[in-house]
Student: 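Submitted below is the structure of interest, expressed as structure tokens.
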2 protein chains.
Amino acid sequence: MLKISTRCRYGLLAMVELGQHDGQTPMSVQDIYQKQRIPKFYLQQLLVKLRRNGLVESVRGSKGGFVLKKDPKQIKILDIVKAVEGPVQLIFCTKKAKDRCCRRIKECLTRPVWVELHEVVNKVLSERTLHDLTQNLP
Amino acid sequence: MLKISTRCRYGLLAMVELGQHDGQTPMSVQDIYQKQRIPKFYLQQLLVKLRRNGLVESVRGSKGGFVLKKDPKQIKILDIVKAVEGPVQLIFCTKKAKDRCCRRIKECLTRPVWVELHEVVNKVLSERTLHDLTQNLP
DNA sequence: CTATATATGACTTAATTTGTCAAGTATTAA
DNA sequence: TTAATACTTGACAAATTAAGTCATATATAG
């Protein structure tokens with residue numbers, strides 16, 4: 001429970017790798033694989049998701065690969081997590097989805113903690129950027 | 001990823017139910033089931049875990065059931081979560097288990113976010129108590 | 001004694017995660 | 001143009017974890 005999935009870890013690792021790279025020439029899956037030893041086919045899948053979510057750009061053909069699409073300062077960690085995993089929903093009774101829960105009063109007595117957790121996690125993930133990680137700044 | 005498991009939700013629901021109860025006479029699995037509709041056999045398992053972790057006391061035999069073992073103010077939500085699920089480890093490279101990770105330098109560039117998440121989650125769970133929930137206080 | 005409860009551990013079933021593969025399409029260096 | 005390189009897609013399989021059930025044993029109030 002509440003474990004960071006490999007999808008997330010790998011996804012962030014790949015992004016950090018791209019962030020460390022020159023920013024001009026594309027890095028191929030092979031390149032990233034050689035640095036991080038993330039299973040190649042799996043990594044590829046994740047990169048596709050990152051591309052579809054506008055975080056990286058792909059360059060096809062020989063010498064192709066992937067490049068960050070934005071300034072690392074503009075890339076929230078939350079964006080990366082969402083890209084590879086979908087929205088971070090610790091519970092299904094946030095404000096937006098309130099109708100899906102709380103039919104029983106007692107259940108709602110437990111809700112505040114989960115909501116607080118949900119908020120605090122989303123806060124951290126949306127305050128930190130890729131830049132924070134590649135620059136070793138707080 | 002990062003979803004609250006039913007074990008946690010059920011476990012906390014059961015504890016809240018016990019917290020709402022008179023605190024003297026035991027509540028049977030059946031009683032809790034009737035309030036919360038948590039699958040009976042599953043609930044039982046969870047209660048056994050809560051007992052083994054010193055959060056509830058069991059009274060066997062007719063009119064038996066479960067009672068909170070401590071003052072709700074002394075019961076951290078984290079205790080409950082740990083009881084039903086084991087330690088909350090978002091990642092496996094916290095200070096204590098540092099040796100199990102970070103063999104690759106780059107991987108550690110991603111570590112700070114996960115550590116921060118880990119800490120923030122554990123903080124919330126250990127600051128909130130059962131009493132906070134049953135009393136609707138912040 | 002008996003009805004009611006918990007205790008325990010094994011066992012299913014379902015869902016999710018993680019990872020692989022194959023066949024195809026696109027691009028470019030040479 | 002061609003060979004090499006790389007991305008695209010969707011299906012699939014293995015492994016792990018979560019969720020839920022059951023049978024049997026043990027304890028106790030009345």
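Values in this document were obtained by computation on a predicted structure and should not be read as measured data. In what follows, chains are A, B, ... by sequence order, proteins preceding strands, each numbered from 1.
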Student: Output every pair passing side chain to side chain donor-acceptor pair (under 3.5 Å) with a member in residues 52-61 of chain B, not counting sequence neighbours, ordered by first then second residue.
Tutor: none

Student: Got a second to check how far Leu125(B)'s CG is from Lys123(B)'s NZ, nearest 0.5 Å?
Tutor: 11.5 Å

Student: Would you kindly give the CD-to-P distance between Glu85(B) and dT16(D), to the nearest whole Å?
Tutor: 19 Å

Student: When all nucleic acid strands are considered with a 4.0 Å heavy-atom cut-off, which category describes Arg7(B): base, sugar-phosphate, or nothing?
Tutor: sugar-phosphate

Student: Let me confirm one number: the CE-NE2 distance from Met27(A) to His21(A), rounded to the nearest 0.5 Å.
Tutor: 5.0 Å

Student: Round to a whole Å and report the spacing from CD1 of Ile38(B) to P of dG20(D).
Tutor: 10 Å

Student: Measure the spacing between CD1 of Ile80(A) and CG of Leu46(A) and express it to the nearest 0.5 Å.
Tutor: 11.5 Å

Student: What string of B, S and - do you get for nucleotides 4-15 of chain C, 5' to 3', when a contact is any protein heavy atom under 4.0 Å?
Tutor: BSBBS-B-----

Student: Among dT17(D), dA19(D), dG19(C), which nucleotide sits nearest the side chain of Thr6(B)?
Tutor: dA19(D)

Student: Taking Ile4(A) as the fixed residue, which of Leu117(B), Thr110(B), Val113(B) is the one that meets the side-chain contact (heavy atoms from CB on, under 4.5 Å) rule?
Tutor: Leu117(B)

Student: What is the separation between atom CD on Glu57(B) and atom P on dA27(D), rounded to the nearest whole Å?
Tutor: 17 Å

Student: Return the value, rounded to whole Å, for the distance between atom CZ of Arg9(A) and atom C1' of dG19(C).
Tutor: 14 Å

Student: Atom OH of Tyr42(B) to atom C1' of dT17(D): distance rounded to whole Å?
Tutor: 10 Å

Student: Quick check on dA19(D): is either OP1 or OP2 less than 4.0 Å from any side-chain nitrogen or oxygen of Tyr10(B)?
Tutor: no

Student: Keeping Asp132(B) on the side-chain end and Thr129(B) on the backbone end, is there a donor-acceptor pair under 3.5 Å?
Tutor: yes

Student: Roughly how many Å is it from CG in Leu46(A) to C1' in dT20(C), rounded to a whole number?
Tutor: 13 Å

Student: Given atom NZ of Lys3(B) and atom C1' of dT17(C), what is their separation to the nearest angstrom?
Tutor: 11 Å

